[in-house]
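Data block below; observations after.
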Amino acid sequence: GAPEKPAPEKAPAKPPARNATAQSARVIIHFDQGSNALLESERLKVDSIVAVLTARPKTKVTIYGYANVNDPPGDNRTVSESCAGTVKTYMIGKGVDAGRIRTIGQSGKSILAAEIGSDRHVEIAFDAPQ
């Protein structure tokens, strides 16, 4: 017969559902209205993510970009992708390999931002271990 496969030690934990994600599980980076420039006040947050990625070379992140809820969805997608790209470029400039950073432009406002009242922003989430 076929050789037996060893039983896995532990199944990796599933990430929480998006609307069940604790705020501490994601880092929110704010942008000024009408701008995709990374604010000086938000750089420390991104630097803290870079520090984690530097310490854990197999860890990856996804940057979700969000824009203004009242703008047309096509415009929102472009703006949200631009903001996410700004953060990715900054992280690459700090030495993080581009292959470890995924960006996704969303339309509208995120669940977390709805709670804090912020439109133009990105959320950086650590990906589940592979």
Problem set entry | NZ on Lys45 to CD1 on Ile124, rounded to 0.5 Å | 9.5 Å
Exercise. Atom NZ of Lys88 and atom CZ of Arg102: how far apart are they, to the nearest 0.5 Å?
Worked result: 10.5 Å
For this session: Flag yes if Ile101 and Val52 sit in one hydrophobic cluster, no otherwise; membership is Ile, Leu, Val, Met, Phe, Trp, Tyr, and two members link when side-chain heavy atoms are under 4.5 Å apart.
Result: yes
For this session: Check the pair Arg100 / Thr59 against side-chain contact (heavy atoms from CB on, under 4.5 Å), numbers first and verdict last.
Result: CA-CA 7 Å; Arg100 297 173 61 200; Thr59 300; 4.2 Å; yes
For this session: Locate the shortest heavy-atom distance separating Ile92 from Ala98; write the atom from each residue and the value.
Result: CD1-CB, 3.6 Å
Problem set entry | Spatial distance of atom CD1 (Ile104) from atom OG1 (Thr62) [nearest 0.5 Å] | 5.5 Å
Problem set entry | Ser82 (side chain) donor-acceptor with Thr78 (main chain) under 3.5 angstrom | no
For this session: Nearest 0.5 Å please: distance from the CG atom of Asp97 over to the NZ atom of Lys60.
Result: 9.0 Å
Exercise. Between Ser35 and Cys83, which heavy-atom pair has the shortest distance, and what is it?
Worked result: O-SG, 4.1 Å
Exercise. Taking the side chain from Thr86 and the backbone from Leu38, do they hold a donor-acceptor pair closer than 3.5 Å?
Worked result: no
Exercise. More than 12 heavy atoms of other residues, nucleotides or ligands under 6.0 Å from NZ of Lys94: is that the case?
Worked result: no
For this session: Provide the closest heavy-atom pair for Val122 versus Gly65 in the form atom of the first, atom of the second, distance.
Result: CG1-CA, 3.8 Å
For this session: Fit a plane to each ring of His121 and His30, take the angle between them on a 0 to 90° scale, and name the class: parallel (under 30°), tilted (30 to 60°) or perpendicular (over 60°).
Result: tilted
Exercise. Nearest 0.5 Å, what's the CZ-CD1 distance between Arg43 and Ile29?
Worked result: 11.0 Å
Exercise. Any cation-pi pair here, Arg26 with Tyr64, using under 6.0 Å and within 45°?
Worked result: yes
Seminar exercise, completed: Rounded to the nearest 0.5 angstrom, the CG-CZ distance for Leu53 and Phe126 is 5.5 Å
For this session: Check Arg120 against Val79 and note the closest heavy-atom contact, atom names and distance.
Result: CZ-CG1, 3.4 Å
Exercise. Do Val87 and Phe31 come close enough that some side-chain heavy atom pair is under 4.5 Å?
Worked result: yes
Exercise. Are any of the side-chain heavy atoms of Met91 and Ile63 separated by less than 4.5 Å?
Worked result: yes
